[in-house]
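For reference, the structure is listed below as C-alpha cells.
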Amino acid sequence: MKKVTSLTPLKGKAFLVALAPMLKLVECVCELFVPIIVSLIIDNALTETGPNYGDKGYALGLVGLVFGLALVGFMTTMLTQYVASKTSSDYGYDLRKLIFRKITSLSPSELDEFGRNKALNLAGSDALSVQNGVMMFMRLLARAPFLLIGSIVASFILSPIGGTIVLVAMVFCAISIATVILLTPKQYGKLQNELDRISILGEDALTGRRLIRAFNRQSKQQEEFLEADSKYRKRAILLVKINSLTNPLTFAFANAGVLFVLYLLGVNGQANMPFTVGVGVALINYLTQSLAAFLQFTRLLTVLSRAYASKKRIDAFLAKETNLLEGEKEVTCQEGDIVSFKNVSKGFGGEKNVLDDISFSVKKGEKIGVFGATGSGKSVLMRLLCREYDPSEGEISIYGSPISSYKLSSLKKSISYCGASSGFFRGSIRDNISLGRSFSDEEILLALEKAQAKGFVLDYEDGLDHEVEDKGSNFSGGQKQRLLLARSLLEEADIAIYDDAMSALDNLTEKRVRDSLLASKSTTFIVSQKVSSFVSTDKVIVLQDGRIYAYGTHEELLKTCDFYAKVNDIQRRQM
C-alpha cells in the first residue's frame with residue numbers, strides 16, 4: 001500500500017508547481033536589468049560628460065527598453081499569480097477531500113482516540129495553512145533568492161565598493177531574519193495544539209450545555225475556556241512580537257546602506273573614485289530590491305514554517321492505520337443464514353470484555369429483538385454487525401462469508417442503521433431523509449407515514465422543505481426519532497438495525513411504527529429496553545454482563561427466563 005502524505009495531491013500538479021518559479025525568474029531578470037539601464041540613461045544621456053549627451057534617440061531607446069521589460073515582467077507576474085492561485089486552490093480541495101476520506105475510513109474508537117475536533121481542525125485551518133504554503137512556495141521560492149543574489153551580483157558589476165555595501169547590509173539583514181526564523185517553527189505547532197484545546201472546550205460547552213447547567217458547572221467551564229484562550233492569546237502575541245522584529249531591523253540595515261551610498265556620492269569628487277550618479281541611483285535601487293526580496297523571503301519562511309507544522313500534523317493523521325481492513329467481495333443475497341456470530345468477544349482495553357463468547361445465527365427475513373439492561377453490550381453488538389469495530393475474538397459472517405471479506409461500501413449499502421436521535425444535518429427534511437438518494441416526494445411521504453411522521457411534517461407550511469437546524473434541534477425527541485425511522489424505512493436494506501430507535505415514542509405510536517418495521521422484508525434487529533417491543537419478533541436475544549443470558553421467542557422467555565419475565569411484570573405495572 002502506497003504511503004499517503006499531505007503532499008500526495010500535488011503529484012499530478014508537478015509541472016505547474018515547477019512552471020511558476022520559472023516564470024518568476026523571467027520577472028526577476030527584467031527587474032534586475034532596469035537599474036542598469038537607468039544608470040546608463042543618467043550617466044550617458046543626461047550627464048554633460050556622457051558619451052551620448054543630447055542624443056534623444058539613444059535616451060528614448062533605453063526608456064522604451066525599460067517599458068518593454070516592465071511589460072514582460074507584468075505579464076509573467078500575472079500569469080504566475082494565476083497559476084499559483086489555481087494550483088494551490090485545487091491542491092487545497094484535494095487535500096481536504098483526502099483528510100475527509102481518512103476521517104470516514106477510521107472507526108469511531110480510532111477517531112475518538114485521535115480527537116474529533118483535532119481531525120476537523122486538520123481539514124480546516126491546517127489544510128488552509130499548507131495550501132497557503134504551496135502558493136507562497138510557487139510565487140516566492142525562486143523570486144526572493146534570485147532577486148537577492150542578482151541584486152548583489154549586479155551591484156558588484158557596477159561598482160566593487162557599492163557591491164560591498166549591498167552585501168554587508170544584506171548580511172546583517174540575514175542575521176536578524178535567521179534569528180526570527182529559528183524562534184518560530186515550534187511555536188506554530190504549539191499554537192495549533194492550543195487551538196485544538198479551545199475547539200474541544202467549545203464543543204463540550206455546546207453539546208453538554210444542559211449537563212453543565214444541571215450540575216452548576218458554568219463558572220468552572222468558563223474558567224477552563226478562558227485559561228485555554230489566554231494561553232492561545234499569549235502564544236499568538238509572542239509570535240507576532242517575534243515576527244514584528246523583522247521589518248524594523250531589515251529596514252534599518254538597508255537604509256544604513258543607502259546612507260553610505262549617498263555619502264560616497266557626496267565625497268566622490270574629493271576622493272576621486274569612479275562612482276557616478278547613475279551608479280549611485282542603481283545601487284540604491286538594488287538595495288531597495290534586496291530589502292524587498294528579504295522581506296518576501298521572510299514572509300515565505302514564516303508561511304512555510306506554519307505550513308510545515310500543519311503538514312506534520314496532517315501527515316501523522318494520514319499515517320494512522322485503521323484496523324478495519326477492507327475486503328474485495330461484494331455482498332450478494334443468498335438463502336440460509338444471513339447473519340452468524342461465532343464465539344465473538346469484544347474488549348476496549350479493560351480487564352473485562354464488553355461482549356464475551358457471543359454465538360447466534362439469523363435467517364433471512366427474521367425479526368430479532370435484542371434486550372438487556374444498560375451496559376449489557378446491546379449497542380456494541382449492533383456496531384460490530386455494522387463493522388464500526390472488529391471483534392477481539394471470534395468471527396462475524398454475512399451470507400456465509402466473514403464480514404471482513406467484503407468491501408466496506410458494499411457492506412454499508414446492505415445494512416441500514418437507525419439510532420436514538422443523532423444523524424441530522426443542516427438542510428430540509430427532504431434532504432435529511434433522502435441523504436442524496438433519488439426518491440420521489442411520494443416515496444418519502446410513504447416512509448414518513450410508516451414512521452408516523454407524515455402528520456407533523458405536513459403541518460409545516462413548507463412541508464418537506466422545512467428547515468432542519470443543526471443536530472435537529474428544532475424538533476422534539478419523538479419527532480427526531482420518527483424522522484430517522486422514516487429515513488431507514490425509505491429503502492429496504494438486506495439488514496435493518498433499530499438501536500433504541502423508539503425510546504422517545506409513546507406506546508401507541510411505537511406499536512404502529514413497530515408494525516411497519518416487522519412488515520418489511522429486511523432481516524430486522526430491534527434493540528430496546530422495553531419487553532413489549534418484542535411481542536411480535538421471531539426471536540429475542542437477552543444480554544446480561546456482555547453474554548447471551550437467554551435466547552428464544554417472547555412467549556418462551558416469559559416462561560423460562562426469570563430476568564425477562566420480571567422486567568416484563570415491572571414494565572406492565574408501570575404502564
Side-chain angles (χ1 to χ4, degrees), residues 21-80 140-171 173-174 250-251 253-269 271-297:
M22 288 191 288
L23 291 172
K24 277 293 182 182
L25 290 180
V26 176
E27 177 194 341
C28 291
V29 170
C30 295
E31 288 188 35
L32 290 171
F33 271 108
V34 169
I36 295 176
I37 297 172
V38 170
S39 70
L40 291 175
I41 294 173
I42 294 173
D43 290 340
N44 293 349
L46 300 180
T47 305
E48 293 182 357
T49 57
N52 301 98
Y53 180 70
D55 188 345
K56 293 183 179 179
Y58 175 81
L60 290 175
L62 291 178
V63 170
L65 182 58
V66 169
F67 277 104
L69 291 171
L71 180 61
V72 173
F74 174 77
M75 292 175 63
T76 54
T77 298
M78 291 296 100
L79 183 57
T80 305
L140 299 179
L141 177 69
R143 173 181 168 78
F146 187 83
L147 195 61
L148 177 62
I149 296 171
S151 297
I152 294 172
V153 171
S155 299
F156 272 103
I157 292 173
L158 288 172
S159 169
I161 296 176
T164 303
I165 294 172
V166 174
L167 177 61
V168 171
M170 292 303 105
V171 167
C173 287
T250 52
F251 272 100
F253 293 129
N255 287 327
V258 171
L259 288 174
F260 204 63
V261 169
L262 293 174
Y263 171 76
L264 291 179
L265 279 174
V267 300
N268 185 38
N272 196 27
M273 294 184 298
F275 203 73
T276 63
V277 173
V279 171
V281 171
L283 288 174
I284 291 173
N285 278 327
Y286 283 131
L287 274 167
T288 305
Q289 283 185 354
S290 300
L291 176 60
F294 248 124
L295 293 177
Q296 288 177 346
F297 192 63

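Positions are given from 1, in the same order as the sequence printed here. Remember, predicted model here, so these are calculated numbers, not experimental data.
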Closest non-hydrogen atom pair between L283 and S155, with its separation: CD2-CB, 3.7 Å
Rounded distance [0.5 Å steps], CD1 in I37 versus CG in L65: 3.5 Å
Pairwise side-chain contact, F156 with V166, heavy-atom cut-off 4.5 Å (strictly under): no
Value rounded to 0.5 Å, distance of CD1 in I152 from OG1 in T164: 10.5 Å
Gap between atom CG of L60 and atom CZ of F67 - 0.5 Å precision: 10.5 Å
Atom of S39, atom of L158 and distance for their closest heavy-atom approach: OG-CD2, 4.2 Å
N/O donor-acceptor pair under 3.5 Å between Y286 side chain and V281 backbone: no
Donor-acceptor contact present, side-chain D55 to main-chain Y58, <3.5 Å: yes
CE/M75: more than 12 non-hydrogen atoms of other groups inside 6.0 Å: no
Point-to-point distance, once rounded to the nearest 0.5 Å, from CD1 of I165 to CG of L287: 7.5 Å
Taking every non-hydrogen atom, the tightest pair across C30 and G73: SG-N, 4.1 Å
Chi angles and distances behind the salt bridge (charged side-chain N to carboxylate O under 4.0 Å, His left out) call for E31, K24: CA-CA 11 Å; E31 288 188 35; K24 277 293 182 182; over 6 Å; no
Derivation and outcome, side-chain hydrogen bond (donor to acceptor under 3.5 Å, both in side chains), residues T76 and E27: CA-CA 6 Å; T76 54; E27 177 194 341; 4.8 Å; no
Residue pair Q289 / P35, side-chain heavy-atom distance below 4.5 Å: yes
Nearest-0.5 Å distance, CG of residue L32 to CD1 of residue I157: 9.5 Å
Straight-line distance of I41 CD1 to N52 CG, nearest 0.5 Å: 11.0 Å
